[in-house]
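These values consider heavy atoms only, across backbone and side chains, with no hydrogens, waters or symmetry-generated copies.
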Amino acid sequence: MIGIFDSGVGGMTVARAIEQLCPQYPLLYFGDIARTPYGSKSPETIIGYSRNNTDFLLEQGAELIVIACNSASSTASDALRSHYQAPILDVITPATTRAAEVTANGRIGVIGTRATIKSGIYPQKIQEARSGTRVFSAACPLLVPLVEEGWGSRRETKMILRRYLHPLRLKQIDTLVLGCTHYPLLKHMIGPRIGKRVKLIDSSVEMAVHVRNFLDQNEQLRQQLLKTTGAENRFFVSDSTDAVQITAAKIFGRPIKLEKINV
Ligand code: DGL
């Protein structure tokens, strides 16, 4: 099975994209709701939590790990890769590759949590993928709580987005990477505020394409995963509230059964 983890419920945007593109591979999802947010925590803490989450998914039978969380991907993916044998895919690589491909003027914006932006991983990877690009980053710490409060379409959210995105508009970017699990849920608000000409890179969609391509190139693992085809996708959380249930149902377009575990 494919094991996916996130700091909370937002990573379900990645799980949903993988489910839609690769329905033949059953999923195990773990959302660390009890310890969210990761985006404001130290690298040591994020690495420790990411190891707990990976251990849990491997115990449940995961054979491939997808780090859906940008904050964990930017901080913990090297530590996880050096510690586990199972392949570990991070959500950042596919988005940076795509951004480098689609930009016409070589000016790319990135928005994410403080941990993600502070890690500097997005500019580094985008420049590795295409040298000479200019990357302009903005930490947007208020967006995750707004999504989780269900304020995704409110006037206040529009104002905050305008404030965050204005400096990137001035830089005349033509591509904007949504570098956080929650931001696909704000696409309808981000698009008009950053400007119609700016291409939005949704890391959940890019991750799903990356998982499919990765498995197409790893036949043995692909066959291994296909043995579980037909098994039900399972969604584990370390805490559950009404707001989490609502966000999960919104992401999948159907009610999601959440299984609570202790961390
Ligand atoms: N999942 C996190 C990310 O993609 C957002 C929420 C958090 O800060 O934990 O960065």
Side-chain angles (χ1 to χ4, degrees), residues 4-8 10-11 13-14 17 37-43 46-47 50 66-81 88-144 147 161 163-187 190-191 193-195 198-211 214:
I4 304 170
F5 78 82
D6 177 44
S7 56
T13 54
V14 176
Y38 284 12
S40 50
K41 298 209 165 61
S42 70
I46 299 174
I47 291 170
S50 299
V66 171
I67 315 176
C69 179
N70 285 262
S71 304
S73 291
S74 57
T75 317
S77 44
D78 288 346
L80 296 188
R81 286 196 185 102
I88 312 270
L89 303 184
D90 67 87
V91 77
I92 292 171
T93 306
T96 52
T97 309
R98 184 83 187 124
E101 271 165 18
V102 303
T103 181
N105 70 1
R107 300 173 75 83
I108 298 173
V110 176
I111 52 175
T113 63
R114 282 208 179 96
T116 299
I117 298 305
K118 191 156 178 253
S119 75
I121 190 87
Y122 270 100
Q124 182 196 318
K125 282 192 170 264
I126 290 171
Q127 275 145 12
E128 272 166 24
R130 181 164 160 182
S131 61
T133 45
R134 302 279 310 274
V135 181
F136 305 96
S137 308
C140 306
L142 294 175
L143 299 185
V144 167
V147 170
L161 271 173
R163 186 83 183 252
Y164 281 144
L165 297 175
H166 183 65
L168 298 177
R169 275 188 82 125
L170 293 181
K171 298 289 180 195
Q172 299 185 319
I173 58 166
D174 74 350
T175 305
L176 177 66
V177 181
L178 309 182
C180 177
T181 47
H182 291 56
Y183 300 173
L185 297 171
L186 291 174
K187 252 187 195 170
I190 294 173
R193 271 148 211 99
I194 192 65
V198 177
K199 292 172 227 71
L200 299 185
I201 306 294
D202 179 337
S203 41
S204 65
V205 173
E206 301 309 327
M207 187 71 222
V209 173
H210 185 56
V211 166
F214 179 81

If you measure from CZ on Phe136 to CG on Leu170, what distance do you get to the nearest 0.5 Å?
10.5 Å
Could you give the distance from CG (Leu186) to CG (Leu161), rounded to the nearest 0.5 Å?
6.0 Å
If you define the side chain from C-beta out and look only at heavy atoms, does anything of Leu176 sit under 4.5 Å from Leu165?
yes
Sequence neighbours excluded - salt bridge (charged side-chain N to carboxylate O under 4.0 Å, His left out) pairs with any residue from residues 113-132
none
For the residue pair Ile126 and Thr103, establish whether any side-chain heavy-atom pair is separated by less than 4.5 Å.
no
Val66 versus Val91: any side-chain heavy-atom pair under 4.5 Å?
no
Taking all atoms of both residues into account, what is the closest heavy-atom pair of Ala129 and Ala100, and its distance?
CB-CB, 3.6 Å
Heavy-atom side-chain contact between Gln124 and Ile121 under 4.5 Å:
yes
Drop me the distance from Lys199's NZ to Arg98's CZ, to the nearest 0.5 angstrom.
9.5 Å
Are there over 12 heavy-atom neighbours, none belonging to Arg134, within less than 6.0 Å of that residue's CZ?
no
Roughly how far apart are Ile88 CD1 and Ser50 OG, rounded to 0.5 Å?
9.5 Å
Ignoring hydrogens and angles, tell me if any N or O in the side chain of Tyr122 forms a donor-acceptor pair with the backbone of Ala95 under 3.5 Å.
no
Could you tell me if the side chain of Pro123 sits less than 4.5 Å from the side chain of Ser137, heavy atoms only?
yes
Which heavy-atom pair separates Cys69 from Tyr38 by the least distance, and what is that distance?
SG-CD2, 4.2 Å
Backbone of Ile108 reached by a side-chain donor or acceptor of Thr175 within 3.5 Å:
no
Residue pair Asp90 / Met207: nearest heavy atoms and the distance that separates them:
O-SD, 3.5 Å
Just by modelled atom types, is the Ala115 backbone N or O under 3.5 Å from a matching donor or acceptor in the Ser71 side chain?
no
Please confirm whether the backbone N or O of Pro37 pairs with a side-chain atom of Lys41, one donor and one acceptor, at under 3.5 Å?
yes
Among Leu143, Val205, Ile111, Ile201, whose side chain to side chain contact (heavy atoms under 4.5 Å, CB included) with Leu178 holds?
Ile111
Going by heavy atoms in the side chains, are Cys180 and Val144 under 4.5 Å from each other?
yes
Interatomic distance, NZ@Lys187 vs CG@Leu200, rounded to 0.5 Å, equals 7.0 Å
Specify the closest pair of heavy atoms between Val177 and Ala99, including all atoms of both residues, with the distance to one decimal.
CG2-CB, 3.7 Å
Taking all non-hydrogen atoms of both residues, which atom of Ile117 and which atom of Gly112 are closest, and how far apart?
CD1-N, 3.7 Å
Would you confirm whether Asp174, through its side chain, and Ala104, through its main-chain N or O, come within 3.5 Å as a donor-acceptor pair?
yes
Test item: Arg169 side-chain N/O and Arg193 main-chain N/O as donor-acceptor pair under 3.5 Å
yes
Could you check if a side-chain atom of Pro94 sits within less than 4.5 angstrom of a side-chain atom of Val209, using non-hydrogen atoms only?
no
Between Asn105 and Gln172, what is the shortest heavy-atom contact and its length?
ND2-O, 3.0 Å
Check whether any side-chain heavy atom of Tyr183 lies under 4.5 Å from a side-chain heavy atom of Ser204, and answer yes or no.
no
To the nearest 0.5 Å, how far apart are CD1 in Ile92 and OG in Ser74?
4.5 Å
